[in-house]
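Here is the structure we will look at, set down as C-alpha cells.
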Amino acid sequence: MKNICKIIKKTQLCKEVFDFEVEFSHRPLPGQFIHVLCGDGVFLRRPISICDYNEGILRFSFAVRGEGTKRLANHNEGDMLDILGPLGRGFDTGKSGEGTAVVVGGGIGIFPLYFLSKRIKTEAILGFRTKDAVIMEDDFKSVCSAVHIATDDGSYGFHGLVTDVLQGRLEKADVTSVYACGPMPMMKEIKRITEDMGIFCQLSLEQRMGCGIGACSVCVCKSKGEYKKVCQNGPVFNAREVDFDE
Amino acid sequence: MNDIDLTVSIAGVTLKNPIVTASGTVGNGWEISRYYDLSELGAVCVKSITLNPREGNRPPRIAETPSGILNSVGLQNKGLDFFLKNDLNNLRKFDTKIIANISGGTIEENCEIAGRLGNEVDLIELNVSCPNVKQGGIAFGTNPAMVKEITQRVKDKCKVPLIVKLSPNVTDITETAKAARQGGADALSLINTLIGMKIDVNTAKPVLANNIGGLSGPAIRPIAVRMVWQVACCTDLPIIGMGGIISGEDAAEFIIAGATAVAVGSANIVNPAAGLEIKNQLTDYLKRKGIQSVSKLRGTVKIN
Ligand SMILES: Cc1cc2nc3c(=O)[nH]c(=O)nc-3n(C[C@H](O)[C@H](O)[C@H](O)COP(=O)(O)OP(=O)(O)OC[C@H]3O[C@@H](n4cnc5c(N)ncnc54)[C@H](O)[C@@H]3O)c2cc1C
Ligand SMILES: Cc1cc2nc3c(=O)[nH]c(=O)nc-3n(C[C@H](O)[C@H](O)[C@H](O)COP(=O)(O)O)c2cc1C
Ligand code: FES
C-alpha cells in the first residue's frame, strides 16, 4: 500500500550508508522490501529492504550509489517520504529445520538479514570491503548467537570471502538452513555450496525495478528455466530454483 | 460530486471517462486493482498478447533517464489461451471496458489472435510499433504500405472495433495514420515508445541487456502531443493519446490537441493509483475551467 511516512530518525552508519527510521503502519515480514520515491528529479521509485520493524516504526538502511539514493540521503528528520509496501515475498522460516540457521550477507545485502535474525535464532556471516565499511556489527551481535565478519582486504576480521567462512562453518554438521543476500557472484557460490551439502537455502535477489508490485515485468530473474518477477515472486527465492547461468 | 460529463465514445464504444491504462504498464490489472477499483477507469488496456507465451528479453530491462524510463521487456506474456482463461474473467468483474492489445510477430498471427478474441473484449488495439522485438513490431509500424495491409487483414477478422497503435519512430506520423485509416482502422492510439539508449560511462556498457529500448514518460510528452495534434488534423478517427501523462492537466493537454481519450503508462509504474488520481485531477480541471463535458475540450487548441 502507498504510505506517506514521517522520518523520525536519521543516522549515518559509515561514509556512504544512511539509516532511516520512519513511521509505518503495516506490519512487514523479514525479507520484504519497500519502494521509495527519492525526491525531485528522480522519476522511478527505488527498492530498499526492510531492516527492522517495531511497533509502527520501520527501519531501512541504504548505500548512496547514484542519483536516487543520493536524493534519498538528503532527507532529514521530520521530512515525509512516499513509500509503497511492504512488498514481495519474504523468507520462509518454516523450513529452517531443527539445527542452526546461518545468515550470510555481503555489503548492502546484510540489511534484510537483521530483521530475519530477530525472528529466528541465527548465526551471522557478514562481508565488507574493508574495516571502515563494517556496519551493524553490534546490532547483529545483540540478536545472533555468533557473528563472523570478513573483509576483502583483511583489515578487519577474516581476510577473504564470506563464502570461505561459510564453507568452514558448515564443516560442523549442525547447520540446517542458510539465508543469504549480497552480490550475484556470492549468491551463486552459496547456491553451489548449499546444494552440494543438501542444506535448505534461500537467496534474496536484486534486480532493477519499475513498479515493484508485479505489473510491469521489468524486474525478472531466471528461475527453473523461466523469467520470474523479483518484486512479486521474490525477492526471496529458494536457491535451488534460481538459474544463475546468464 | 460528478456533475461533469466525462463520457467519451471510441468507435461506438462508450467509455465512462477518457482515462485508459497504457498497454504493458499495469500487467493485466490484477496488481493495480489492489490499489483502486478498476471500475473507476474508462477502459483497461492489457499487456500485449501474443499467440504463444513469450519469455521476453534478458534483464536488466529498465533504466531511468531524465524524466523518463527506458524499457526492453520484449513482450513477455503468457499467451492468448492464458489470457482468455484467466485474465479476462478477472477483468470482467469490473465495470470498465476491456481493450486487448495484440502484438503478433506476423500478420497471420495477429489475424488469428484477433479472430479468437472474437467479441470477448470491447476493443482490440493492434500494436504495430513495439521497439523491443526483432521481428514484427516496429517493422510493420514504420512502413505505411505495411500498416495499411496489416490493418486491412486484421480488421477483417475483428468482431469489435480495431484501434491501431502507431509508432513515433517515423519521419511523418500522418503517413502511417492515414495508412491505418485506409486499411480500415476504427481508431488510432499514439504514441508508443521512442527508441533510445543509455550507456554506463564507467563501464562503457549499455545499461539495458538488450542495448536499446523504448523511451517513455514525461520526457516524450511534447513529442506525443505534437503527433496527436498532427494526426488529429489529418484524420477524423478517434485518437487515444498517450506519452508521459502524469497529471490531469497533462491529460487535458492531449485532449485539447485532439485526443478523444488518453492512456496513462509510465505514471502507473511510479504510482499504482495514477489512473484514478489523474481522472480526479482532470475532473477538477474541467470544473475550474467551467467546461461541462470533456468532449467539449477536444481539439480546442487555438493554433497561433
Ligand atoms: C529487493 C531489493 C532490495 C534492496 N535493498 C537495498 C537495501 O536495503 N539497501 C541498499 O542500499 N540498497 C538496496 N537495494 C539496491 C538499491 O535499490 C539500489 O542501490 C538503488 O536502486 C540504486 O539507485 P540509484 O538511483 O542511487 O543508483 P542508479 O544510478 O540507479 O544505479 C547505481 C548503481 O546501482 C546499481 N543498481 C541500480 N538499481 C539496482 C537494483 N534495483 N538492484 C541492484 N542494483 C541496482 C546499478 O547497477 C548501478 O551500478 C535493493 C534492491 C532490491 C531490488
Ligand atoms: C514497461 C513498459 C512496457 C510496455 N509494454 C507495452 C506493450 O506490451 N505493448 C504496447 O503496445 N506498448 C507497451 N508500452 C508502451 C506504452 O503502452 C505507452 O505507449 C508508452 O509507454 C508511452 O506512454 P507513457 O509515457 O505514459 O508511458 C510499454 C511501456 C512501458 C514503460
Ligand atoms: S518491478 Fe514491475 S514487475 Fe517487478
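Letters A, B, ... mirror the listed sequences (proteins, then strands); counts begin at 1.
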Atom CD1 in B:Ile69, atom CG in A:Leu44: separation rounded to 0.5 Å? 4.5 Å
Smallest heavy-atom separation, B:Arg61 atom then A:Ser217 atom, equals NH1-O, 2.7 Å
Flag this pair as yes if the NZ/CZ of B:Arg58 is under 6.0 angstrom from the six-membered ring centre of A:Tyr227 and inside a 45 degree cone about the axis; otherwise no. no
With side chains defined as the heavy atoms from C-beta onward, is the minimum distance between A:Ile213 and B:Ile32 less than 4.5 Å? yes
Examine whether an atom of A:Glu67 lies under 4.5 Å from a heavy atom of chain B, and if so say whether it belongs to the side chain, the backbone or both; otherwise answer neither. neither
Could you tell me if the side chain of A:Val42 sits less than 4.5 Å from the side chain of B:Glu64, heavy atoms only? yes
In sequence, state the C-alpha distance, the side-chain angles, and the governing distance for B:Thr25 and A:Cys216, and then conclude on side-chain contact (heavy atoms from CB on, under 4.5 Å). CA-CA 5 Å; B:Thr25 60; A:Cys216 73; 5.9 Å; no
Could you report the tightest heavy-atom contact between B:Ile62 and A:Gly210, atom names first, then the distance? CD1-CA, 3.7 Å
Nearest 0.5 Å please: distance from the NE2 atom of A:His35 over to the CG atom of B:Asn271. 11.5 Å
Sub-4.5 Å side-chain heavy-atom contact between A:Glu226 and B:Gln76: no
Where do A:Phe43 and B:Ser266 come nearest, in terms of heavy atoms and distance? CE2-CB, 4.0 Å
Go through the atoms of A:Arg45 and report whether side chain, backbone, both or neither lie under 4.5 Å from a heavy atom of chain B. side chain
A side-chain contact here means heavy atoms from C-beta on lying under 4.5 Å apart; do A:Arg208 and B:Pro59 qualify? no
